Amino acid sequence: MKKREVPVFLFTGFLESGKTSFIKDSLNDRGFFNGEKTLLILCEEGEVEYDEVSYSKRNIFIEKVEKQESLTAEFYQKCDDLHKPERVMIEYNGMWQIEPVLDDNMPQEWELVQVISTVDATTFSMYWNNMRSLVMEQLSLSDLVILNRCTDQTKRNDFRRSIKLFNKKAQIGYEAAEGFEDALKEEQLPFDIDAPVIDIEDDDYGIWYMDIMDNPRKYEGKKVKFNALVFRPKNYPATSFVPGRFAMTCCADDIQYMGMLCKGAELEGCNDKDWVTVTASIKREFAKEYRGKGPVLYASSVEKGVKPEDDLVYF
């Protein structure tokens, strides 16, 4: 007999971030829901409500949870015994830590397949500035992040960089606010990607780094010039190093080095943490550092550089 498998989808995000609307849209999408018996576990209630009677007629059943402590192995097993679901969707409370729900206390047949976070573009900065650790936990564990209520003023590049710095695997989607159909046009980069040499200003290093790591194909064959620190791992040959910058997302404990492989470099007289100006051509190649294909720089010149007034990259 084939083993029963129950996919579990976890939806998180702060109150009024669009979780319920996203779930309802998913349940109205025949590509996602086609009558499978679905258990919806609600951990908070927002302005948008579910019609439990009509949902039960569609083979969707709801269980409500008021306290995080109630999400026990016994609770999950009771739900499984009662409903025998083919799919489970959990609308999580955005003020609860996610780690406990990821503990292996669900029935053996249940498997968490996707964590989805919804974010309100109009309140993201407030939460990011005042509750950053909680926001980072949600977004760092998410497979898909949806930024809702975007307008032509929404800084989507800033949002994307904030997430990609600590969650490179996350897919990011954008939903326009009502009346802002043009809000989802791609934001312009602060440098000319079609210039003979792409000149990256110090303040734009983070933007460039995230864009090239996300889209290495569009930089294939381009030439770039930028200011960076010298870092050469011990096992690297004399003509290879990793130019980069340190970036901070939250606090001093969250500083990370953002660099990429550079070959053909003449570094005579340069030591680790020296500042250099690198001019290099870009190729998309396999590199063990990327565990696959990524941007590899081929230096035409490496010259002594000047340390920026503020040497950190911020997100």
Side-chain angles (χ1 to χ4, degrees), residues 155-158 160-168 186-249 252 254-315:
K155 296 181 178 179
R156 295 182 306 286
N157 281 339
D158 289 351
R160 183 180 185 82
R161 290 194 302 273
S162 297
I163 295 173
K164 285 291 187 176
L165 187 63
F166 54 85
N167 186 353
K168 292 181 174 60
E186 191 65 31
E187 289 183 300
Q188 281 192 325
L189 295 169
F191 45 83
D192 184 1
I193 193 172
D194 295 318
V197 178
I198 306 171
D199 198 352
I200 307 298
E201 298 289 339
D202 289 332
D203 290 342
D204 299 331
Y205 179 86
I207 298 173
W208 172 64
Y209 177 84
M210 299 308 299
D211 194 55
I212 193 174
M213 296 304 288
D214 282 347
N215 309 288
R217 289 181 185 275
K218 79 179 185 183
Y219 288 90
E220 180 81 47
K222 303 285 186 179
K223 198 168 186 179
V224 67
K225 182 179 180 181
F226 63 98
N227 205 26
L229 285 164
V230 171
F231 170 59
R232 179 188 284 149
K234 292 181 180 179
N235 61 336
Y236 270 39
T239 56
S240 294
F241 77 120
V242 182
R245 299 273 301 274
F246 284 101
M248 184 167 69
T249 59
D254 294 309
I255 291 178
Q256 300 182 41
Y257 189 73
M258 302 193 311
M260 61 193 78
L261 177 61
C262 182
K263 297 181 178 181
E266 295 293 338
L267 292 175
E268 187 175 349
C270 294
N271 301 307
D272 276 1
K273 296 188 177 180
D274 282 350
W275 285 90
V276 292
T277 299
V278 179
T279 303
S281 298
I282 303 168
K283 294 184 180 181
R284 180 176 171 269
E285 298 179 344
F286 177 87
K288 63 181 181 180
E289 291 83 354
Y290 303 134
R291 298 181 181 179
K293 288 188 175 181
V296 178
L297 307 178
Y298 283 84
S300 56
S301 72
V302 179
E303 303 172 343
K304 286 284 187 180
V306 178
K307 178 181 178 180
E309 186 175 340
D310 191 341
D311 58 346
L312 282 176
V313 176
Y314 297 92
F315 291 90

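All values derive from a computational prediction rather than experimental measurement.
Within 6.0 Å of CD in E289 there are more than 12 heavy atoms belonging to other residues, nucleotides or ligands. Heavy atoms of other residues, nucleotides or ligands lying less than 6.0 angstrom from NZ of K222 number more than 12. The neighbour count for K307 NZ, taken as heavy atoms of other residues, nucleotides or ligands under 6.0 Å away, does not exceed 12. By the 6.0 Å contact criterion, CG on D311 is enclosed, its count of non-hydrogen atoms from other residues, nucleotides or ligands being greater than 12.
Side-chain contact check for M213 versus P295: some heavy-atom pair is nearer than 4.5 Å. With a 4.5 Å cut-off on side-chain heavy atoms, I282 and L297 count as touching. Looking only at side-chain heavy atoms (C-beta outward), T239 and K263 stay at 4.5 Å or farther from each other.
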Given side chain to side chain contact (heavy atoms under 4.5 Å, CB included), test E285 with L261 step by step and report yes or no. CA-CA 10 Å; E285 298 179 344; L261 177 61; over 6 Å; no
For M260 and Y209, what are the C-alpha separation, side-chain angles and deciding distance, and is it a side chain to side chain contact (heavy atoms under 4.5 Å, CB included)? CA-CA 9 Å; M260 61 193 78; Y209 177 84; 3.6 Å; yes
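Between G244 and Y257, the shortest heavy-atom contact is N-OH, 2.9 Å. Closest approach of V296 to A287, counting heavy atoms only: CG2-CB, 4.4 Å. The minimum heavy-atom distance between P243 and V278, with the atom names listed, is CB-CG2, 4.2 Å. Across every non-hydrogen atom of S300 and K223, the tightest pair is OG-CE, 3.7 Å.
Just one of V276, T279, T277 meets the side-chain contact (heavy atoms from CB on, under 4.5 Å) condition when paired with V302; it is V276.
Using bins of under 30°, 30° to 60° and over 60° for the plane-to-plane angle, the ring pair F226/Y205 lands in the tilted bin. In this structure, Y219 and F191 have tilted ring planes: the angle between them lies in the 30° to 60° band.
Between the NZ atom of K273 and the CG atom of L229 there is a distance of 8.5 Å, given to the nearest 0.5 Å. Rounding to the nearest 0.5 Å places SG of C270 at 13.5 Å from CH2 of W275. The CD atom of E220 sits 10.0 Å away from atom CD1 of I212, with the distance rounded to the nearest 0.5 Å. With rounding to the nearest 0.5 angstrom, the SG atom of C262 is 10.5 Å from the OH atom of Y236. Considering CG of L189 and CE of M210, their distance stands at 12.5 Å, rounded to 0.5 Å.
Salt-bridge annotation for K304 and D274: present, with a side-chain N of the basic residue lying under 4.0 Å from a carboxylate O of the acidic one.
Proximity of a side-chain donor or acceptor of R245 to a complementary backbone N or O of D202 within less than 3.5 Å is detected. Looking at R284, its side chain never comes within 3.5 Å of a backbone N or O of K293 through a donor-acceptor pair. Side chain of N227 to backbone of V306: a donor-acceptor contact under 3.5 angstrom is found.
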